[in-house]
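Structure record follows, encoded as structure tokens.
Note that the coordinates shown come from a computational prediction; the quantities given were computed from them, not determined experimentally. Note that these values count all heavy atoms, side chains included, but never hydrogens, waters or copies made by symmetry.
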Amino acid sequence: MDLQDQLNQAMEAARPVLGTGRVADYIPALAAADPGAFGMALATVDGEVHGVGDWEQPFSIQSISKLFTLALALAVGGDELWQRVGREPSGSPFNSLVQLESEHGIPRNPFINAGAVVVTDRLHTLTGDARAAVRDFLRAESGNALLDSDSVVAASEAQHGHRNAALAHFIASYGNLDNPVETVLQHYYDHCALTASCRDLALAGLFLARHGLRADGSRLLSRSEAKRINAVLLTCGTYDAAGQFAYRVGLPGKSGVGGGVLAVVPGRGTLCAWGPALDAAGNSVAAVAALDAFTTATGWSVF
Ligand code: DON
């Protein structure tokens with residue numbers, strides 16, 4: 001069976017759970033998403049791109065952006081970042097505050113909200129414009145020059161962002177932010193509000209499958225840095241469901257509350273699946289089911 005057939009079958013396998021779960025509504029602008037929408041894309045390191053369903057429909061990438069902020073912060077600023085954020089799974093929800101006090105304002109990992117706020121701060125210091133750095137990288141890697149942030153989603157999140165504001169102020173109280181809280185949060189909301197399709201994200205994530213090489217052949221990260229980011233994605237990318245995701249899908253992956261999940265098959269390619277209805281951990285039920293079906297049928301896994 002060829003890769004397109006495998007994608008078609010993965011979508012069929014996810015159909016029974018399409019719409020299962022809840023569309024995120026704590027960011028009101030996301031609540032209107034169609035819980036029955038579904039798309040999936042596959043991009044290979046050899047240049048093949050396949051898709052099924054709504055794979056070219058843009059959606060809010062939300063926490064998937066954290067993968068790109070981390071890669072860029074490490075590419076530009078190197079390992080110093082790890083003095084300000086850890087690399088251990090949190091076992092807590094993505095927006096949890098509880099560990100920050102006992103761990104003195106050093107977030108557990110770069111993918112929970114607290115950690116991503118620190119990474120955004122670092123990227124902003126390094127580049128002068130964190131939101132533009134992430135957006136321009138996504139544009140270049142996907143080839144979609146129109147890819148941009150949805151200002152309505154960003155404003156909606158800012159307006160209802162008491163939890164993230166609390167996290168950011170708490171981190172700042174420990175001296176772990178260089179820039180003003182308001183600036184960091186604005187850039188964080190803007191990169192979370194980037195709108196991209198499964199196709200765009202699969203292409204944009206390929207540098208991790210290519211062991212650090214960008215679409216134009218230039219090197220973003222060393223092979224070892226790419227390996228390390230994939231490791232943190234595997235252990236922390238889907239929050240307190242990372243064990244379940246590793247068990248079912250067997251790949252490094254990053255989810256977002258817009259319903260997307262981007263997964264990396266090192267040396268082979270990337271998969272991005274999207275379905276807006278989420279489980280209790282904030283991961284798309286249909287996207288995880290489709291990735292599970294695809295990797296189980298093809299054996300495309302790191303295990
Ligand atoms: O900060 C937030 O809550 C959102 N901008 C992103 C959260 C998210 O996508 C969690 N992922 N599943």
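- The closest side-chain heavy-atom distance from L123 to V134 is below 4.5 Å.
- Screening L234, L70, V264 against I229 for a side-chain contact (heavy atoms from CB on, under 4.5 Å) leaves a single residue, L70.
- No hydrogens or angles considered: nothing links the side chains of N113 and N95 as a donor-acceptor pair under 3.5 Å.
- The closest side-chain heavy-atom distance from Q99 to S90 is below 4.5 Å.
- A donor-acceptor pair shorter than 3.5 Å cannot be found between the side chains of T69 and H191.
- For the pair P110 and W82, the minimum side-chain heavy-atom distance is below 4.5 Å.
- Summarising the geometry of F111 relative to C236, their closest heavy-atom pair is CB-O, 3.9 Å, with the distance given to 0.1 Å.
- Between R15 and E12 there is a salt bridge, since at least one side-chain N of the basic residue sits less than 4.0 Å from a carboxylate O of the acidic one.
- The shortest heavy-atom contact between G86 and I106 is N-CG2, 4.2 Å.
- Remark: the backbone N or O of I27 is not paired with any side-chain donor or acceptor of H160 at under 3.5 angstrom.
- Formation of a donor-acceptor pair under 3.5 Å by the N179 side chain with backbone atoms of D121 is found in this model.
- Classified by interplanar angle (parallel below 30°, tilted 30° to 60°, perpendicular above 60°), the ring pair F68/F137 is tilted.
- Two residues are said to be in side-chain contact when any heavy atoms from C-beta on lie closer than 4.5 Å; L278 and V257 meet this criterion.
- Here the side chains of L208 and P252 are not in contact, with every heavy-atom distance at 4.5 Å or above.
- Ion pair R84/D178 flagged as a salt bridge, since at least one NZ, NE, NH1 or NH2 atom sits closer than 4.0 Å to an Asp/Glu carboxylate oxygen.
- With hydrogens and angles disregarded, no donor-acceptor distance shorter than 3.5 Å links the side chain of R210 to the backbone of G212.
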